[in-house]
Amino acid sequence: MQGLSDGGASYNAVNNAGTIQYNQTKTAPATVGDIKIDFNIAIGSGLTNSTSGAFTDAQVTADRPALKSFSIDRQGNVVVSLTNGESFNRGKLLLQNFRDPNGLTKEGNNLFSGLESAGAVGGVALSAANNSPGTTGLGQLQAGTLELSNVDLGQEFADMIIVQRSFQAGSRVITVSDTMLEDVINLKR
């Protein structure tokens with residue numbers, strides 16, 4: 001997924017009447033790039049032990065918040081939920097609209113090139129102001145839903161029956177012509 005990335009949360013562990021309390025500091029996503037769905041903090045890397053020696057680093061690390069799940073809301077926010085009940089925005093999906101979608105070239109793995117020739121509306125560079133879902137003529141996201149099929153099942157079955165009958169007729173023509181040739185050969189004898 002691409003969009004605004006690098007949103008995160010850091011924690012300061014403090015002693016609260018003999019228990020470890022984790023105070024969260026959130027960082028909003030701001031960098032355009034790949035959105036990673038991960039969360040792993042440790043002492044010195046997003047987790048600070050400020051218990052004044054009441055708890056060891058191992059104790060603070062053992063009870064730290066961990067990744068529980070993630071979801072994507074209608075505005076494109078990638079919300080990470082943690083085991084302690086808190087959450088934060090890990091990233092924000094950004095959308096792009098094109099004047100001529102046929103100008104895009106498939107590169108494979110869901111990647112396309114030729115953004116300039118396809119006429120990227122608002123320019124090729126992504127930004128929250130120009131590329132947020134539901135703004136500037138872009139569609140909205142509907143996470144957790146399935147798109148309806150664009151196939152007419154009745155028409156597809158009718159087409160399949162026609163093809164099957166055509167195959168049967170073709171095979172009968174071959175059988176009849178084989179029988180006729182056999183009769184001709186038998187007459188000659």
Side-chain angles (χ1 to χ4, degrees), residues 1-8 29 31-40 66-83 87-189:
M1 295 184 289
Q2 288 237 314
L4 295 180
S5 63
D6 296 335
T31 307
V32 174
D34 292 336
I35 301 171
K36 297 179 179 106
I37 310 299
D38 61 352
F39 181 74
N40 189 14
L67 176 67
K68 180 179 177 183
S69 65
F70 76 94
S71 62
I72 301 172
D73 65 17
R74 292 177 78 80
Q75 290 77 37
N77 295 311
V78 179
V79 180
V80 171
S81 299
L82 303 174
T83 54
S87 63
F88 66 94
N89 286 349
R90 183 71 174 122
K92 182 179 180 85
L93 295 177
L94 299 177
L95 303 178
Q96 184 66 279
N97 196 6
F98 299 97
R99 289 182 188 88
D100 180 19
N102 294 326
L104 295 171
T105 305
K106 287 185 181 182
E107 297 295 334
N109 296 326
N110 252 0
L111 298 175
F112 292 86
S113 63
L115 302 179
E116 291 87 7
S117 62
V121 177
V124 175
L126 295 174
S127 70
N130 293 331
N131 303 98
S132 291
T135 63
T136 62
L138 296 170
Q140 291 184 342
L141 297 177
Q142 293 185 355
T145 61
L146 293 175
E147 184 177 342
L148 291 176
S149 174
N150 59 358
V151 175
D152 180 0
L153 199 55
Q155 182 62 45
E156 294 303 318
F157 272 122
D159 292 345
M160 183 179 68
I161 290 169
I162 290 169
V163 169
Q164 184 179 13
R165 297 290 185 236
S166 298
F167 178 77
Q168 288 173 341
S171 66
R172 284 190 181 147
V173 166
I174 292 171
T175 303
V176 168
S177 65
D178 181 49
T179 304
M180 287 174 48
L181 286 173
E182 186 178 332
D183 288 345
V184 167
I185 290 172
N186 288 337
L187 286 173
K188 189 177 179 183
R189 290 184 195 173

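Any value given below was found using the heavy atoms of this structure, including those in side chains, with hydrogens, waters and symmetry copies removed. In this chain, numbering begins with 1 at the start of the sequence shown.
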- Can you check side chain to side chain contact (heavy atoms under 4.5 Å, CB included) on Asn40 and Leu67, steps first, answer last? CA-CA 7 Å; Asn40 189 14; Leu67 176 67; over 6 Å; no
If the condition is side chain to side chain contact (heavy atoms under 4.5 Å, CB included), which residues does [X] pass it with, not counting sequence neighbours?
X	result
Leu95	Pro133, Leu138, Leu141
Phe167	none
Val151	Ser149, Glu156
Ser71	Val79

Please list, chain by chain and in numerical order, all residues satisfying side-chain hydrogen bond (donor to acceptor under 3.5 Å, both in side chains) with [X], sequence neighbours excluded.
X	answer
Asn77	Asp73
Gln142	none
Asp159	Gln155

Please table the atom pairs, donor to acceptor, closer than 3.5 Å between any side-chain atom in residues 114-129 and protein atoms at least two apart or in another chain.
unit_1 : atom_1 : unit_2 : atom_2 : d
Ser117 : OG     : Gly103 : O      : 3.3
Ser117 : OG     : Gly114 : O      : 2.9
Ser127 : OG     : Asn130 : N      : 3.2

For residues 89-101, which residue pairs pass the salt bridge (charged side-chain N to carboxylate O under 4.0 Å, His left out) check, not counting sequence neighbours?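 For residues 89-101: Asp38-Arg90.
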Any idea which heavy atoms bring Ser87 and Ser81 closest together, and the distance?
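Reported closest heavy-atom pair: CB-CA, 4.1 Å.
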Taking all non-hydrogen atoms of both residues, which atom of Ser5 and which atom of Gly33 are closest, and how far apart?
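Residues Ser5 and Gly33, closest heavy atoms: OG-N, 4.0 Å.
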*asked:* I need the full list of ring pair (Phe, Tyr, Trp, His ring centres under 6.0 Å) pairs touching residues 127-156, with sequence neighbours left out, sorted by first then second residue.
replied: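 Matches after skipping sequence neighbours: none remain.
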Qualifying side-chain hydrogen bond (donor to acceptor under 3.5 Å, both in side chains) pairs with a residue from residues 101-110, counting only residues at least two apart or across chains
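Those involving residues 101-110 are Glu107-Ser113.
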Going by the side-chain hydrogen bond (donor to acceptor under 3.5 Å, both in side chains) test, which pairs reach into residues 168-184, not counting sequence neighbours?
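Residue pairs with at least one partner in residues 168-184: Arg165-Gln168.
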Margin query: Exactly one of Ile37, Asn89, Leu4 should register a side-chain contact (heavy atoms from CB on, under 4.5 Å) with Val78. Which one does?
Written below: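 With Val78 as partner, side-chain contact (heavy atoms from CB on, under 4.5 Å) holds for just one option, Ile37.
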query = Do other residues, nucleotides or ligands put more than 12 heavy atoms under 6.0 Å from Met180 CE?
reply =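 It does not: Met180 CE has 12 such atoms or fewer within range.
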Checklist line | Gap separating the OG atom of Ser69 from the CG atom of Leu82, nearest 0.5 angstrom | finding: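 Separation between the atoms: 9.0 Å.
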